[in-house]
Amino acid sequence: MKRLLAVIGLMLALAVPAPASASDDFSILPLVSPYFRTGFGAYRSTACPCFDRSTWNFDLGANLRWHRLISVDGEYRYGTILLGGNFPFSGYAFGLRSALTPQSERWWDEFYLRAGLGWLSIMGTRDRSYMGVYLHPGWAYQVFSLVHLETELSLSYYFGDMEHLNVGFRTGVRIGF
Amino acid sequence: MRVKSLGVVCLLGAVAFLHTGCVKGPHCGELPLSPQVRLCMVETIDAMVLEHYPFAKQKGIDLRVFSNQLRNLPLDELEDDQFLVELARAVALLRDGHTRIERYHLEQLAEPALSLREADDGLVYVSHLKAKGLGLLVGDRIDTIDGVAAAQYLEARRALPSAWHQGQIGHIGVDHMGGAASALAGPAGTSVVLGLAQGHEITLDRRNFFSEPVARRLPGNVGYIDIATFGFIDDLDRLDTAINDLMDSRALIIDLRGNGGGYPSVTDGLFGRLIAEDVAAFDMVAADGTHKRTIGPTPRGKTYDGEVVILTDGMTFSASNYLAQRLVYHKRGVLVGERTGGGSASPEQGLLLVPGIWFQVSTYVLQTPEGVNAEDGLEPQVAVSFSSDEIVNGLATKSAVVGKDKVLDEAIRFLKEKR
C-alpha cells in the first residue's frame with residue numbers, strides 16, 4: 001500500500017498543470033468524445049500476496065469536456081482475468097479527467113490524468129460486485145484532427161474478498177467530435 | 001464522418017458480442033418433449049459420446065452396447081421427468097461423473113442444513129446437522145424424501161443432479177456430484193419433506209448456501225481448513241488468508257470430504273502455497289490422443305512447509321480429486337479417509353438439449369507426464385471405513401469435532417505418530 005501511495009504521489013508531482021493558455025476557454029455545453037481502449041494488467045492479490053494473475057481489458061466510454069481541467073469519463077469495462085483459465089469480468093467506471101498541459105497546436109504534448117471509481121463483476125465469484133479506485137496518467141497523440149491515439153499507465157485497486165492491485169497499460173482511440 | 005461513425009458502431013457491436021458470448025438456444029427443441037425431440041436428445045448424446053468419450057477402454061465399456069441401450073429407450077411411453085431420469089441412467093452406464101445430464105438452473109441453489117448418508121444396507125440416515133432446531137438428530141433414519149422412498153430418491157437425483165450456472169456469460173458454478181448431501185439441493189427458498197422412520201414428517205427449507213472455506217486451529221497446533229467447493233475463484237483469496245493465518249501451525253489438514261470440485265485454477269493456486277519449487281505440469285489429452293494443453297501449479301507467495309494431510313471421501317471429485325492427486329504425486333502429503341470419487345476429465349463439450357436440461361461429455365483426460373490419470377479415484381494411504389453402527393452414531397460424519405469424527409481422528413493420530 002505504501003508503494004502504491006508513493007507511486008501516486010510521484011505521478012501527481014510530475015503532473016503539475018502548466019499555466020492555462022487562451023485556448024482553454026470554459027464551455028457550458030460539453031464536448032463529447034467517445035473512446036475505446038484495450039490493455040493488459042498484472043494482478044497482485046493482496047491475500048497471497050503475489051502477482052499471480054494477469055488481465056486483459058476492453059473499455060468503451062465517453063468523455064464530456066467543459067474545460068481542459070474539467071471533464072468526466074463514463075465507461076463500460078469488459079475483460080478477463082487469466083488464472084489458469086479465463087474468468088471474464090465486466091463493470092463500469094466513472095471519473096474525472098484533466099489535461100495536464102494546455103491546448104496546443106502541437107500534436108505530441110497532451111498529457112492527462114484520469115481518476116475515479118470502478119465496479120467489477122467477476123464470473124465465478126461468490127460476491128457479485130467489487131468496488132475500486134483507479135488512476136490512469138496518459139499521453140494523447142493526435143493522429144488526425146479529431147482522432148487521438150491515447151496510451152496510459154493503469155493503476156487500480158479493488159476492495160472486497162478479491163482485494164488486489166492491478167498495474168498495467170492501456171491504449172486506444174478517442175474521437176473528439 | 002460516416003466512416004468514423006461506422007467505426008464506433010463496430011466497436012459497440014464487438015463489445016456487445018463479447019459480452020453476450022455465443023449463447024445458443026436449446027439444441028433439440030422445447031418442453032414438453034415430443035418423440036422427435038426425445039429422438040434428437042438420444043442421437044445427440046450418442047454422437048457426442050462416440051466422438052469424445054475417452055474412458056471406454058479404461059473402464060471396459062463397449063460403446064456399441066451403450067449406443068444400443070440409449071437408442072432402445074422408449075420415446076413415447078414415459079412422462080417427461082421419467083424419460084429424463086431414464087436418459088440420465090443410460091448415460092450413467094458410462095460410469096463417468098463428468099459425462100452427465102443435469103438440471104440447469106439460472107437461479108441460486110441451496111440445500112437443507114443437513115447431510116444424509118446411505119449405509120451399506122441401503123438405509124438412509126442423517127449423518128450431519130449444520131444447524132440447530134431442525135427437529136432431527138444424527139442417526140435418524142429417513143424412509144422417504146418428498147414422498148419417494150429415500151434410497152430411490154437419492155438414486156434418481158444422483159442420476160440427474162442439479163447444477164447452478166451463475167451469471168449469464170458462462171457455465172460455471174458448483175458441482176453437485178453424487179453425494180447424498182447435494183442430492184437434496186434445489187432452488188433456494190424451496191423445501192423438501194423428509195419422512196422419518198418414527199412415522200412423522202419434517203419439512204426443511206433449502207436455505208443453506210454452499211459454505212465458504214472455514215479455517216481454524218485444532219489442539220496440538222494443527223491447522224484445519226474445510227473446503228466445501230472449489231466452485232468460486234474468490235475462495236482462492238480466502239484460502240490464501242487461511243494459509244497465512246495457519247502458517248505457523250506444525251501440520252495442516254485440508255478437509256475435502258464432500259467437495260465435488262470446481263476450478264482447477266483454485267486448486268492449483270492452493271497447491272502453489274504448499275510448494276517452493278516448480279513442479280511438472282499435467283497433460284490434457286483427448287480420446288484420439290490429441291494433446292490440448294498442460295495445467296499445473298506454480299509456487300505462490302510464502303510457502304507453507306509443514307506436514308499436509310487431505311481428508312477424502314467418495315464425494316471428493318474432479319478438481320478436489322486433482323488436488324489430492326497432486327499431493328500424492330509430488331509426495332507433499334498423505335490422504336486420509338475413504339477412496340476418492342475420481343473424475344479426471346475436463347468436460348468441455350456440452351449443450352442445452354432442451355430448456356433446463358444440460359448434457360456434457362468428458363473431452364480431455366487430465367494425466368500425469370507418465371500418462372496416469374485418477375479417473376477411478378485414489379486410495380488413501382490411511383484408509384478409513386465405517387460400520388453401520390458408526391454411521392448411525394455419527395462417527396462417519398464430517399463434524400470436524402475431535403473425538404466425534406473418525407476420519408479427522410485418524411488424521412490426527414497419523415500426524416502424532418509421524419511426529
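Everything numeric in this text was worked out from a predicted model, so none of it was measured. Letters A, B, ... are given to chains in the order of the sequence lines, protein chains preceding strands, and every chain is numbered from 1.
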A/Phe51, part contacting chain B, at a heavy-atom distance under 4.5 Å: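 For A/Phe51, there is no contact with chain B at all, as no heavy atom is under 4.5 Å.
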For a 4.5 angstrom cut-off between non-hydrogen side-chain atoms, does A/Met162 reach B/Ile233?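 When only atoms from C-beta onward are counted, B/Ile233 and A/Met162 do touch, with a gap below 4.5 Å.
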Are the side chains of B/Leu236 and A/Leu83 in contact, using a 4.5 Å heavy-atom criterion?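 With C-beta onward as the side chain, the pair touches.
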Minimum heavy-atom distance between A/Gly124 and B/Tyr263, given as atom pair plus value: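 Where A/Gly124 meets B/Tyr263 most closely, the heavy atoms are CA-OH, 3.8 Å.
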Nearest heavy-atom pair of A/Gly84 and B/Ser265: which atoms, and what distance? CA-OG, 3.6 Å
If you tally heavy-atom pairs under 4.5 Å between each of B/Pro297, B/Gly301, B/Gly296 and chain A, the highest tally belongs to B/Gly301
Quick check on the interface: out of B/Thr241, B/Thr298, B/Val266, B/Asp240, who has the most heavy-atom pairs with chain A under 4.5 Å? B/Asp240
Contact part of [X] toward chain A, heavy-atom cut-off under 4.5 Å: side chain, backbone, both or neither?
X        : value
B/Asp268 : neither
B/Arg238 : side chain
B/Ile243 : neither

Please indicate whether B/Tyr329 has more than 12 foreign heavy atoms, meaning atoms of other residues, nucleotides or ligands, lying under 6.0 Å from its OH. yes
One pair to check against side chain to side chain contact (heavy atoms under 4.5 Å, CB included): B/Lys302 and A/Cys48. What are the steps and the verdict? CA-CA 8 Å; B/Lys302 191 176 177 186; A/Cys48 186; over 6 Å; no
Quick check on salt bridge (charged side-chain N to carboxylate O under 4.0 Å, His left out): which of A/Arg53, A/Arg126, A/Arg44 does B/Asp237 satisfy it with?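 Of all the options given, the one that passes is A/Arg53.
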Within the side chain of A/Thr125, is there an N or O that forms a donor-acceptor pair under 3.5 Å with the backbone of B/Phe232?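 Side chain of A/Thr125 to backbone of B/Phe232, a donor-acceptor pair under 3.5 Å: no, none is there.
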Side chain of A/Asp161, backbone of B/Asp234: donor and acceptor closer than 3.5 Å?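 Not a single qualifying donor-acceptor pair exists.
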